[in-house]
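Fair warning: this is a prediction, and the values are worked out from it, not measured in the lab.
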Amino acid sequence: MMWVFIFLTAFCALAQGCPKIISRSSWGGVPSKCQAKLPRSVKYVIIHHTAGASCNSESACKAQARNIQNFHMKSNGWCDTGYNFLIGEDGQVYEGRGWETVGAHAKNYNFNSIGISFMGTFTNRAPNTAAQKAAKDLISCGVAKKVINSDYTLKGHRDVSATECPGTNLYNLIKNWPNFKA
């Protein structure tokens with residue numbers, strides 16, 4: 001009976017145009033200590049870069065997700081990684097706080113946004129095509145699941161805070177994505 005549930009879950013995700021999301025348990029994340037929940041449907045999607053190492057394979061991206069979570073929880077004292085989702089240049093999405101939990105990625109926007117961070121530094125280069133597609137598919141999935149408003153506004157982190165994030169090349173790229181508004 002469990003295989004039927006797994007099949008139906010995977011089928012429903014594909015039917016909604018959702019990319020595969022590597023779960024926290026699959027990348028070795030420690031349990032979240034966060035409790036604040038997002039509203040049913042958020043108004044903003046905020047794009048970030050981690051400004052650290054990039055990753056091109058599932059094993060490297062899993063390790064990088066663990067490094068980011070460790071830094072956020074141990075150095076920053078946060079309840080979890082700050083982002084709702086991480087994107088690797090292996091073309092996969094890695095679950096951070098997920099669809100339901102308030103992030104710690106964009107002050108004054110955390111309670112009404114999904115924070116998506118590309119793993120790497122994208123000041124002098126853009127993320128590869130696979131990573132870009134994963135992020136776009138994730139946003140479309142959120143709209144299909146009605147956890148992101150259909151009339152959402154896409155912003156770069158620098159649009160809501162004094163920062164270089166998400167890096168100049170990634171920022172220039174997202175300015176051409178649907179629903180972008182500085």
Side-chain angles (χ1 to χ4, degrees), residues 13 17-34 36 38 42 44-107 109-110 113-123 125-143 145 147-148 152 154-158 160-161 163-167 169-171 173-174 177:
C18 296
K20 177 183 175 186
I21 298 174
I22 308 293
S23 70
R24 301 167 60 83
S25 60
S26 293
W27 59 257
V30 300
S32 177
K33 298 175 183 175
C34 303
L38 285 167
V42 299
Y44 300 97
V45 174
I46 312 292
I47 301 294
H48 304 264
H49 71 165
T50 60
S54 59
C55 57
N56 299 50
S57 69
E58 186 172 316
S59 61
C61 290
K62 285 179 175 181
Q64 191 59 12
R66 288 189 302 273
N67 292 339
I68 292 163
Q69 185 187 45
N70 185 56
F71 176 76
H72 285 181
M73 291 179 84
K74 292 190 176 170
S75 297
N76 293 352
W78 296 347
C79 58
D80 198 354
T81 182
Y83 312 111
N84 298 91
F85 296 96
L86 296 157
I87 306 290
E89 287 191 283
D90 63 343
Q92 297 192 90
V93 177
Y94 294 81
E95 180 184 28
R97 295 189 187 199
W99 295 117
E100 297 179 2
T101 306
V102 173
H105 58 89
K107 187 176 180 182
Y109 284 80
N110 290 326
S113 69
I114 293 291
I116 300 172
S117 191
F118 287 78
M119 291 188 271
T121 301
F122 298 102
T123 302
R125 72 175 185 91
N128 67 19
T129 304
Q132 293 175 44
K133 181 180 182 327
K136 288 177 182 177
D137 288 350
L138 180 65
I139 295 167
S140 294
C141 174
V143 171
K145 288 175 165 282
V147 294
I148 298 173
Y152 71 92
L154 178 74
K155 292 184 172 289
H157 188 199
R158 66 175 59 179
V160 300
S161 185
T163 179
E164 295 283 322
C165 183
N169 278 18
L170 177 52
Y171 185 73
L173 185 72
I174 67 167
W177 287 12

Q: Could you check Val30 against Met73 for side chain to side chain contact (heavy atoms under 4.5 Å, CB included), going step by step and ending with a plain yes or no?
A: CA-CA 10 Å; Val30 300; Met73 291 179 84; 3.6 Å; yes
Q: Could you tell me whether the side chains of Ser25 and Ser23 share a donor-acceptor contact shorter than 3.5 Å?
A: yes
Q. Does the side chain to side chain contact (heavy atoms under 4.5 Å, CB included) test come out yes or no for Met119 and Tyr94, once each step is laid out?
A. CA-CA 10 Å; Met119 291 188 271; Tyr94 294 81; 3.7 Å; yes
Q) Under a 4.5 Å cut-off applied to non-hydrogen side-chain atoms, are Leu86 and Ile22 in contact? A) no
(Q) Return the OG1 to NZ distance between Thr129 and Lys136, rounded to the nearest 0.5 Å. (A) 9.0 Å
Q) Looking at Trp99 and Cys141, what are the two nearest heavy atoms and their distance? A) CZ2-SG, 4.0 Å
Q. Relative to each other, are the rings of His49 and Phe122 parallel, tilted or perpendicular (30° and 60° limits)?
A. tilted
**Q.** For the student: nearest non-hydrogen atoms of Thr121 and Ala51, plus distance
**A.** OG1-C, 3.2 Å
Q) Which heavy atom in Pro166 sits nearest to a heavy atom in Arg158, and how many Å separate them? A) CD-NE, 4.2 Å
Q. When rounded to the nearest 0.5 angstrom, what is the spacing between CD1 in Ile139 and CD1 in Ile174?
A. 8.5 Å
(Q) What's the separation between atom CG in Asp90 and atom OG in Ser54, rounded to the nearest 0.5 Å? (A) 11.0 Å
Q.
Test side chain to side chain contact (heavy atoms under 4.5 Å, CB included) on Ser32 and Arg24; report intermediate values, then the result.
A. CA-CA 9 Å; Ser32 177; Arg24 301 167 60 83; 3.8 Å; yes
Q.
Rounded at 0.5 Å granularity, tell me how far CG in Asp137 sits from CD1 in Ile87.
A. 9.5 Å
Q. Looking only at heavy atoms, what is the nearest atom pair of Asn56 and Cys61, with distance?
A. N-SG, 4.3 Å
Q. Do Ile114 and Tyr152 touch side chain to side chain, with heavy atoms closer than 4.5 Å?
A. no
Q) Under the side chain to side chain contact (heavy atoms under 4.5 Å, CB included) criterion, do Arg97 and Trp78 qualify, and how do the steps go? A) CA-CA 12 Å; Arg97 295 189 187 199; Trp78 296 347; 4.2 Å; yes
Q | Ser161 (side chain) donor-acceptor with Thr163 (main chain) under 3.5 angstrom | A | no
Q | Closest approach of Asp80 to Cys34 (non-hydrogen atoms, all atoms of both residues) | A | CB-SG, 3.5 Å
Q: Assign the ring pair His48 / His157 to parallel, tilted or perpendicular, where the plane angle (0 to 90°) is split at 30° and 60°.
A: tilted
Q: Might you point out which heavy atoms bring Glu95 and Phe85 nearest each other, and give the distance in Å?
A: CA-CD2, 4.0 Å
(Q) Between Phe71 and Asn76, is there a side-chain heavy-atom distance shorter than 4.5 Å? (A) yes
Q: Measure the spacing between NE2 of His72 and OH of Tyr83 and express it to the nearest 0.5 Å.
A: 4.5 Å
Q | Ser117 side chain near His105 side chain, heavy-atom distance below 4.5 Å | A | no
Q. Got a second to check how far Cys55's SG is from Gln92's CD, nearest 0.5 Å?
A. 9.5 Å
**Q.** Residue among Leu38, Val147, Val42, Val102 satisfying side chain to side chain contact (heavy atoms under 4.5 Å, CB included) with Asn84
**A.** Leu38
Q: Look only at the side chain of Arg66 and the backbone of Trp27, and say whether a donor-acceptor pair between them is shorter than 3.5 Å.
A: yes
Q) Under 3.5 Å, side chain of Gln132 to main-chain N/O of Pro127, donor-acceptor pair present? A) yes
